[in-house]
Amino acid sequence: MKRKKKSMFKWYLSVIPILINIPLISEAQNTVSEEHTSIPDIKNSNYVELDEVVIVGKSEARRQQEQAFAISVADLSKNYNTSVDIGTITNRMAGVKLRVNGGVGSDYNFTLNGFSGRQVKFFMDGLAMDNFGDAFSINNLPANMVERVEVYKGVLPVGLGADALGGAVNVITRKTANYLDVSYSFGSFNTHKASINGAYTNGKTGLTTRLTSFLNYSDNNYKVYVPIIDLESGQKLGNQWVKRFHDGYKSLGVRLETGFVNRPFADYLLAGIIVAGNDKDIQNGVVMDLVYGARTTDSRSVIPMLRYKKSDLFIEGLGLSFYGSYSDVDNNSTDTVPRRYNWLGEWVPNASTSSGERSRSQLHINNREWRTNTSLNYTFNQYHTLSLNHVYSGLTRKVSDVEDPANEYNKVPQSIDKHILGLGWMTKYTRWNATLFGKLYEMKGKTYITNTHASGFENVTNHYTEYGYGGAFTYFLFSKLQAKVSYEHTYRLPEAFEMFGDNQENSRNAELKPESSDNINLGVMYEVNFLKRNTLQFELGLLYRNSKDFIHRELKQPSMMYINLGKVLTKGVEFNTQYTWNSLIHASINVTYQHITDNRKTTPSQTIGGTENENFNYKEKLPNIPYLFGNGNIGLNKKDLFIKDSELTIEYFLNYVKEYYLSWPGLGSKDSKDQIPQQLSHDLAISYSLCNGRYNFALSCDNMTNEMLYDNFKLQKPGRSFTVKFRYYLSK
C-alpha cells in the first residue's frame with residue numbers, strides 16, 4: 001500500500017512524545033486525571049501496521065514527588081518479599097533516622113530533619129495514627145500491607161490537618177480491589193512474623209471488604225556487651241557479653257473495613273475497626289546500667305471508625321470527605337517483684353519487701369479519644385482548588401493502681417481538647433503549581449501540678465490559641481528539571497504523654513507550651529536518560545528551621561522528661577541519587593547533614609524573681625541526635641532465571657552514622673564525655689519468586705559483620721541475624 005508522506009509525518013508528531021515520555025507544553029494537559037491517561041484520537045486515512053507501541057507513564061510515587069511540597073516517596077512493592085517493617089524502610093530515606101531502643105517491639109524515636117517524637121506526625125491513608133495504640137506503629141507494620149510511604153519535610157497538605165512541627169509520614173495501604181497476600185517469616189532470637197492482607201470487591205454492587213493484619217513475636221535474646229555488678233558488694237566486675245534474658249515481645253494488629261466503593265452516593269463509604277495489642281518485657285531502663293528481670297508492660301486498643309468521601313457533591317467540583325473514630329486504649333505496667341537483678345540474671349531481694357524492682361505498682365492508664373477529620377474541596381476549574389479542613393480530637397485519661405488505691409494524684413481528671421482549622425488554595429499548571437494556606441490551632445488541657453510550697457497538688461487549665469501560615473511552589477525549568485521552595489510558620493501542640501507522663505519511664509510536665517517553627521525548604525530534582533536504558537536521578541535539598549519553645553526529651557535519671565528549650569536553630573542539607581539500568585540493576589545513595597544548635601543566650605532563673613543565667617550550651621549541638629548519616633543500596637532483578645515467570649532479586653544495604661555526643665558537648669572535658677561511636681552496618685536480602693510472583697521465598701541477613709550498633713541513649717541493638725520468609729500472593 002502506498003503511504004502519503006504527509007500522513008506519516010502527522011503520525012510521528014502524535015506518537016513520538018508518547019514513546020519518549022516528553023510532555024507537550026500545553027495547559028490542556030492538566031485535564032488528565034491522576035488515575036487515567038487520555039490519548040487524543042489519531043486520525044489517519046491510511047493503514048499503518050505497527051509491530052509494537054510502548055506507552056511509558058509515571059508511577060504514583062513519581063507523581064507524588066513532583067508536588068510542590070518537599071516530599072520523598074518510597075515504593076514498597078519491591079519490599080513485599082522482605083521481612084523488614086515500615087520503620088526500617090523509612091530509615092533508609094534521606095533526612096530520616098529511626099532510632100530504636102533494642103530489638104523487635106522496642107520503643108523508637110523517629111527523627112526527620114532534626115525533628116523527632118510527635119514533632120513528626122504519622123498517618124495511614126491520611127488518617128492520624130496518634131490514637132491507634134502502641135502495637136499499630138510503623139516499627140510493627142509489615143511492608144506487605146503498604147503500597148507506598150510518603151515523607152513530607154516541612155509543609156503538609158491542608159487535608160492532613162496536622163499540627164506537625166517539621167513534617168509527617170503518610171503510610172498508603174494497598175488499594176488493589178481483589179487480592180490475597182499471606183506471609184510468614186522466622187529468624188534469629190526466636191523471631192516470628194506473620195501477616196494476612198487482602199480485599200474483595202464486587203464490581204457490580206461496589207460492596208468491598210478489606211483486611212490488613214500482622215502478628216509479631218520475638219524473645220529478643222541477643223547478646224549485649226554490658227557492665228556486670230556484684231549484687232552483694234555492689235562492686236563493678238567489668239563488661240561481659242551476655243544474653244538478654246527478659247526482653248520478650250509479642251504484638252497483634254487487625255484492621256478490618258467493609259462498605260461500598262464507586263457508587264452514586266459515595267466514592268467510598270467504609271465502616272471499620274482496628275483491634276491491636278502487645279505484651280512486652282522490660283529488660284533495662286533508659287540506660288544499660290539499669291537492669292530488670294520481672295517488669296512488664298502491655299497495651300490493648302479498640303478503635304471503631306467511619307470513612308466517607310464523595311466527589312461532585314450536589315454540584316460539580318464540590319467534594320466532601322469525613323473520618324471519625326473513637327479509641328479506647330489501655331496501657332498497663334506491672335512491677336511487683338521485690339528483687340534487684342544484674343545482667344547475669346542473678347538477683348537478690350530488695351531491702352523493702354513492699355517494693356518492686358523500681359517502685360511497686362500495677363499501673364493502669366486508660367486513654368479514650370474522639371477524633372474527626374472533615375474536608376471540603378471545591379475545584380473552580382482545571383487550574384484552581386480551594387480546601388477547608390477541620391480536625392478535632394478530645395482525649396480523657398484515667399489512671400489507677402491497685403497497689404496504691406488511695407493515691408490522690410491518680411484521681412485527678414486529665415484531658416486535652418484540640419481543634420485545627422486549615423484553609424488552603426492550590427493552583428496547578430503544566431510547568432508549575434503552588435499552594436497557599438493558613439491554620440488556626442486551639443488547645444485546652446486540664447491536669448495538675450505539684451504544689452512546691454505545700455503538700456499536694458493544684459488543678460491547672462492550659463489554653464492556647466495560635467495561627468500558622470505558609471506556602472509551597474514548584475516550577476519545571478525543563479521537562480526533567482524541577483525546582484521547589486516552601487515556607488511555613490507552624491505550631492505543634494503538646495501531646496498527652498508529654499504533659500501527663502506515663503508514671504514510669506517518662507516524668508510529667510504539665511507546664512509544656514506549644515512549640516513553633518519557621519521552616520524553609522529549597523530543592524532541585526533532575527532526571528536524565530542516557531544510552532537508551534540508563535536512568536539517573538538527582539535530588540538536592542536545603543533546609544532551615546528556626547524553632548521556639550522546642551520540646552526536647554531529656555534524660556532525668558532514672559527517667560525522661562519533655563521540656564521546652566527556648567530557641568533551637570537547624571540548618572541542613574540532604575542529597576539523594578538513584579540509578580537504574582534496564583530494570584535489571586538499580587542503586588542509590590543518600591547523605592544527610594544537619595546542624596542543630598541551642599540558640600538561647602540565657603536560661604530562666606531557677607528561683608522566683610531571679611535574673612536569667614548565661615546559657616553554657618549556647619550555639620552547642622543538641623545531644624543524642626545524629627547529625628551526619630547516610631545510606632547506600634545496590635540491587636539486581638533478573639526475570640525468567642532457571643524457570644519461566646520467575647524472578648530473582650538480590651539487595652545490599654549500607655547504613656552509616658557518624659559518632660555524636662550523648663550529652664551536651666560543651667559541658668565537661670572531652671575525655672569525660674559519653675559518645676555514641678561511629679556506626680557502619682551491612683544488610684543483605686535475597687528473594688526468588690515463581691509463577692509471576694504467586695510463590696515467594698526470601699533469605700535476609702541484617703548486620704552481616706556483627707558490628708556493635710547503638711541508638712537512643714547508647715542502648716545496644718542486635719548483632720548479626722538471619723531471617724527466612726515465605727509468601728503467597730493471589731490477585732484477580
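- The shortest distance between side-chain heavy atoms of Val254 and Leu211 falls below 4.5 Å.
- Crowding of Leu344 atom CG: a count of heavy atoms from other residues, nucleotides or ligands under 6.0 Å exceeding 12.
- In this structure, Asn331 and Ser299 approach most closely via the heavy-atom pair OD1-CB, 3.2 Å.
- In this model, no donor atom of one side chain and acceptor atom of the other lie less than 3.5 Å apart for Ser116 and Thr111.
- If you check the side chains of Asn631 and Asn590, you find a donor sitting under 3.5 Å from an acceptor.
- Counted by atom type alone, Thr88 and Asn91 present zero donor-acceptor pairs between their side chains at under 3.5 Å.
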Item to complete: Tell me, with the steps shown, if Asp107 and Arg99 meet salt bridge (Lys or Arg N to Asp or Glu O under 4.0 Å).
Response: CA-CA 9 Å; Asp107 293 336; Arg99 296 180 293 154; over 6 Å; no
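- Taking the ring pair (Phe, Tyr, Trp, His ring centres under 6.0 Å) definition, one finds that Tyr728 meets it with Tyr695, sequence neighbours left out.
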What donor-acceptor contacts under 3.5 angstrom involve side-chain atoms of residues 632-643, with partners at least two apart or in another chain?
from	atom 1	to	atom 2	distance (Å)
Asn633	ND2	Glu651	OE1	2.8
Asn633	ND2	Tyr652	O	3.1
Asn637	OD1	His586	ND1	3.3
Asn637	ND2	Glu647	OE2	3.3
Asn637	ND2	Thr649	OG1	3.1
Asp640	OD1	Asp645	N	2.7

Fill in: Derivation and outcome, salt bridge (Lys or Arg N to Asp or Glu O under 4.0 Å), residues Arg92 and Asp683
CA-CA 12 Å; Arg92 294 169 178 166; Asp683 302 333; 3.7 Å; yes
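- Taking OG from Ser195 and CG from Asp85, the interatomic distance works out to 12.0 Å, rounded to the nearest 0.5 Å.
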Worksheet item: side-chain contact (heavy atoms from CB on, under 4.5 Å) between Asn655 and Val657: does it pass, once the steps are laid out?
Response: CA-CA 7 Å; Asn655 179 261; Val657 181; 3.8 Å; yes
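- Atom CG of residue Leu98 and atom OG1 of residue Thr90 lie 5.5 Å apart, to the nearest 0.5 angstrom.
- Residue Arg300 comes nearest to Asn278 through the heavy atom pair NH1-O, 3.0 Å, listed as atom of the first residue, atom of the second, then distance.
- You'll find the side chain of Phe629 stays beyond 4.5 Å of the side chain of Gln679, heavy atoms only.
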Practice prompt. List the steps, then state whether side-chain contact (heavy atoms from CB on, under 4.5 Å) holds for Met145 with Ile86.
Written response: CA-CA 10 Å; Met145 65 180 291; Ile86 306 304; 5.7 Å; no
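- Contacts of Tyr222 classified as ring pair (Phe, Tyr, Trp, His ring centres under 6.0 Å), with partners at least two apart in sequence or in another chain: Phe189.
- Between the side chains of Glu707 and Asn703, no donor N or O sits under 3.5 Å from an acceptor N or O.
- Annotation: side chain of Leu730 is not in contact with side chain of Asn178 (no heavy-atom distance under 4.5 Å).
- In this structure, Ser213 contributes its side chain and Ile196 its backbone to a donor-acceptor pair below 3.5 Å.
- For Ser325 (side chain) and Met305 (main-chain N/O), no donor-acceptor pair under 3.5 Å exists by modelled atom type.
- Remark: Arg174 is positioned above the aromatic ring of Tyr80, its terminal NZ or CZ atom under 6.0 angstrom from the ring centre and at most 45 degrees off the axis.
- Between Phe110 and Phe122, the ring center distance clears the sub-6.0 Å criterion.
- A donor-acceptor pair under 3.5 Å is absent between the side-chain atoms of Arg371 and the main chain of Asp130, judged by distance alone.
- Residue Phe123 holds its CZ atom at 6.5 Å from CG of Leu156, rounded to the nearest 0.5 Å.
- Between the side chain of Thr191 and the backbone N or O of Gly187, no donor-acceptor pair lies under 3.5 Å.
- A distance of 6.5 Å separates OH of Tyr249 from CG of Asn216, quoted to the nearest 0.5 Å.
- Listed for the Asn367 side chain is no donor-acceptor partner under 3.5 Å among the backbone atoms of Val329.
- Lys175 places a side-chain N or O within donor-acceptor distance of the main-chain N or O of Thr173, the cut-off being under 3.5 Å.
- Shown here are the side chain to side chain contact (heavy atoms under 4.5 Å, CB included) partners of Gln362, two or more places apart in sequence or in another chain: Thr334, Thr336, Asp401, Val402, Glu403.
- Of the possible polar contacts, one joining the Glu357 side chain to the Gly293 backbone as a donor-acceptor pair under 3.5 Å is found.
- Asp328 has a carboxylate O that lies under 4.0 Å from a charged side-chain N of Arg368, or vice versa, which qualifies the two as a salt bridge.
- A salt bridge does not link Asp281 to Lys250: none of the charged side-chain nitrogens sits closer than 4.0 Å to a carboxylate oxygen.
- In this structure, the separation between CG on Leu628 and OH on Tyr660 is 12.0 Å, given to the nearest 0.5 Å.
- In this structure, Asp247 CG and Gln283 CD are separated by 5.5 Å, a value rounded to the nearest 0.5 Å.
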Item to complete: Evaluate the side-chain contact (heavy atoms from CB on, under 4.5 Å) criterion for residues Lys732 and Thr176: first the C-alpha distance (whole Å), next the side-chain angles of each, then the deciding distance (0.1 Å), finally the verdict.
Response: CA-CA 9 Å; Lys732 184 178 178 181; Thr176 307; over 6 Å; no
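- Considering all non-hydrogen atoms of both residues, Asn139 and Ser106 come closest at ND2-O, 3.1 Å.
- Ion pairing between a basic and an acidic side chain is recognised when a charged N comes within 4.0 Å of a carboxylate O; Arg255 and Asp125 show such pairing.
- Summarising the geometry of Ala294 relative to Tyr341, their closest heavy-atom pair is N-CE1, 4.3 Å, with the distance given to 0.1 Å.
- For the 3.5 Å distance criterion, the side chains of Asn81 and Tyr729 fail to qualify, holding no donor opposite an acceptor.
- Asp335 places a side-chain N or O within 3.5 Å of a backbone atom of Arg358 that can act as its donor or acceptor partner.
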Worksheet item: Does the ring-ring contact (aromatic ring centres under 6.0 Å, His included) test come out yes or no for Phe186 and Tyr217, once each step is laid out?
Response: CA-CA 9 Å; Phe186 64 91; Tyr217 176 87; over 10 Å; no
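- Panel note: side chain Thr577, backbone Gln537; a donor-acceptor pair is recorded below 3.5 Å.
- Residues meeting the salt bridge (charged side-chain N to carboxylate O under 4.0 Å, His left out) test with Lys243, sequence neighbours left out: none.
- Shortest non-hydrogen contact noted between Ile89 and Ala143 is CD1-CB, 4.0 Å.
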Worksheet entry | Working for side-chain contact (heavy atoms from CB on, under 4.5 Å), residues Lys714 and Met288 | CA-CA 8 Å; Lys714 211 174 182 179; Met288 297 293 284; over 6 Å; no
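- At a cut-off of 3.5 Å, with distance as the only test, no side-chain donor of Asn197 or Thr212 sits close to an acceptor on the other residue.
- With sequence neighbours excluded, no residue forms a salt bridge (charged side-chain N to carboxylate O under 4.0 Å, His left out) with Asp330.
- Ser700 and Lys725 form no side-chain donor-acceptor contact under 3.5 Å, judged by distance and modelled atom types alone.
- Of all heavy-atom pairs spanning Leu690 and Ser646, the tightest one is CD2-CB, 4.0 Å.
- Of the possible polar contacts, none joining the Lys121 side chain to the Ala168 backbone as a donor-acceptor pair under 3.5 Å is found.
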